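Each ligand, and each atom within it, is numbered from 1 in the order the structure gives. Bear in mind that the values here come from a model prediction, so they are computed numbers and not experimental data.
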Amino acid sequence: MSKQQSKEKVVLAYSGGLDTSVCVKWLQEEKNLDVIAVLGDVGQEHDGLEAIKEKAFSLGVIACEVVDMRDEFCANYVVPALAANALYENKYPLVSALSRPLIAQHLVHAAHVHGASYVAHGCTGKGNDQVRFELSIMTLDPHLSVIAPVREWDLGMRPDEIAYAVAHGVPVEASIEKPYSIDDNLWGRAIEAGALEDPWAAPPSDIWTMTTAAEDAPDAATSVVIGFEHGVPVSLNGHAMELAELIVNLNTLAGSNGFGRIDMIENRCVGLKSRECYEAPGALALIQAHKALEDLCLEASVLHAKLELEQTWAGLVYAGQWFSPLKQALDAFMHETQQHVTGEVRLKFYKGSCTVSGRRSSSSLYDQKLATYDNDEAFDQTDAMGFINISSLPLKTWAAAQGSQANTPSLSVSKKHASGSGVNSVCAVAPELVSDEEPALLKAAC
Ligand code: ARG
């Protein structure tokens, strides 16, 4: 056996960018490992997967697996995320958080195939992606060891990394000019760092590639009908479509109407706040449409319980707990709820907005005969009296025990806070709170 063959192996999540290219050299030089690159296609923009593969080989990897993960991404990651209407902190559709566990699955698989005992990624120690990769890898195979070169190496600043790259024959190309950290896939695109680090600075227009600025979007509205079967989008305007294709089409349609931008301050797993911009036109439109269909098809208490569990689901996935037992149990709940979420939703896009303009379903629980204000034979309004009597009983008992005046706020208006005639700014507060000396208290009471 030659010396070369006896080296230990590491499987690296490779993107073709500067960081992961330097990682290849670093793992070879500093750790004396043979590197197997795994490159996942999750629908991101790229300059050609073959070119990236060639680059990996030019850096001396012993193997490079290019894996088309798009269908798996849709079926196993996007579908459950949509079932959970997943929005971290009510805003972010988990774009990067969804791809990491899938890539981790393929890293672990490659490690088994190639007999590697190490897995490596190019994430920094400040981000969420390291957490997602590592928790996933550790859950899938606790015997593998993870190496995070960027966290370990002392190439702290970009110029040092570039100097290392140049010294080791790693092409640096345009990387020096790139001011942002970008990660994208079918479900959207994340943009961070550079000028965005100042939360007051408006996002420079050149960060956006999937969406038109609302003011430049067409003056006429565009409507689209999305068909769902058991919670899964299956058609656009009546044309049956694979989910990946449907998302790509909707990204174009919604994005060209200026819809799908997010600019937020986000709480990262590692405890810091960061300013993030995202574009996710298709994802946000599908979540909106899906929620509208659920409003029609889910029984009220299921819908209400689901709304709470959706937050938990998104929080777990954001924090890298994709393969955790709690996340899997919640998936079972979400899946069960989707049984009757079949029907169509019409969305209207107009200059940056997306509104639901219609929904219908063969499993609809909406009953016009019950809801109508016209002729209400189906609903006996006198029943409401008994309902109110019974449901108010604990409140009446409690109020009586407090004494008659204690719970009755007067309708005073603080002069300081009243605007104009005061008609629109009536704020019911207890008289003892109405004081010019206590504006904060008053505000809180309002
Ligand atoms: N903050 C986002 C998240 O945690 C985006 C991460 C993007 N990753 C990147 N390498 N730029 O999901």
Side-chain angles (χ1 to χ4, degrees), residues 12-23 38-46 52 69 73 77-78 80-81 84 86-104 107 120-136 148-151 158 161 175 177-197 199 203-204 206-211 260-281 283-284 287 311 313-322 327:
L12 169 69
Y14 185 67
S15 72
L18 181 67
D19 286 343
T20 54
S21 296
V22 170
C23 282
V38 170
L39 171 58
D41 179 1
V42 283
Q44 71 271 39
E45 278 183 353
H46 55 73
I52 301 176
M69 303 180 188
F73 183 60
Y77 289 84
V78 167
L87 293 172
Y88 178 64
E89 294 181 344
N90 268 329
K91 298 184 193 75
Y92 164 48
L94 296 173
V95 175
S96 307
L98 293 179
S99 72
R100 296 315 188 252
L102 170 61
I103 297 168
L107 296 173
H121 60 72
C123 307
T124 73
K126 277 192 172 181
N128 299 318
D129 291 330
Q130 55 172 348
V131 180
R132 297 163 184 158
F133 272 134
E134 294 185 36
L135 294 193
S136 299
V150 180
R151 236 168 30 199
R158 201 75 170 169
E161 189 184 344
S175 320
E177 304 300 327
K178 258 187 206 159
Y180 309 109
S181 170
I182 290 166
D183 182 59
D184 64 328
N185 59 49
L186 277 173
W187 206 228
R189 185 165 169 272
I191 313 115
E192 34 180 42
L196 299 172
E197 283 177 6
D206 68 347
I207 68 166
W208 311 111
T209 63
M210 298 176 79
T211 52
R261 292 185 179 180
I262 302 162
D263 175 356
M264 69 186 281
I265 299 295
E266 164 182 315
N267 290 288
R268 284 196 188 167
C269 307
V270 292
L272 50 90
K273 286 188 188 288
S274 80
R275 199 276 186 89
E276 309 271 339
C277 289
Y278 301 102
E279 317 181 78
L284 293 177
I287 291 172
Q311 293 300 313
W313 194 97
L316 285 170
V317 172
Y318 184 86
Q321 302 271 347
W322 183 272
K327 147 73 175 48

Open item on the list: My understanding is that only one of Ile207, Ile262, Ile182 makes a side-chain contact (heavy atoms from CB on, under 4.5 Å) with Cys277; could you say which?
Closed with: Ile207

Task: Trp208 side chain vs Glu279 backbone, donor-acceptor pair below 3.5 Å - done: no

Check ligand 1 for N or O atoms under 3.5 Å from a protein N or O and list each pair with its distance.
from	atom 1	to	atom 2	distance (Å)
ligand 1	1 (N)	Glu266	OE2	2.8
ligand 1	1 (N)	Glu276	OE1	3.1
ligand 1	1 (N)	Glu276	OE2	3.3
ligand 1	1 (N)	Tyr278	OH	3.1
ligand 1	4 (O)	Asn128	ND2	2.6
ligand 1	4 (O)	Arg132	NH1	3.1
ligand 1	4 (O)	Arg132	NH2	2.9
ligand 1	8 (N)	Asp129	OD2	3.0
ligand 1	11 (N)	Ser181	OG	2.9
ligand 1	11 (N)	Glu192	OE2	3.1
ligand 1	12 (O)	Tyr92	OH	2.5
ligand 1	12 (O)	Arg132	NH1	2.8
ligand 1	12 (O)	Arg132	NH2	3.1

- [ ] Applying side chain to side chain contact (heavy atoms under 4.5 Å, CB included), name anything that partners Gln311, two or more places apart in sequence or on another chain.
- [x] Asn90

Task: Closest heavy-atom pair and its distance - Pro204, Ala195 - done: CG-CB, 4.1 Å

Task: Any residue meeting side-chain hydrogen bond (donor to acceptor under 3.5 Å, both in side chains) with Arg132, in chain and number order, not counting sequence neighbours - done: Asp129

Task: Which residues share a side-chain hydrogen bond (donor to acceptor under 3.5 Å, both in side chains) with Ser181, sequence neighbours left out - done: none

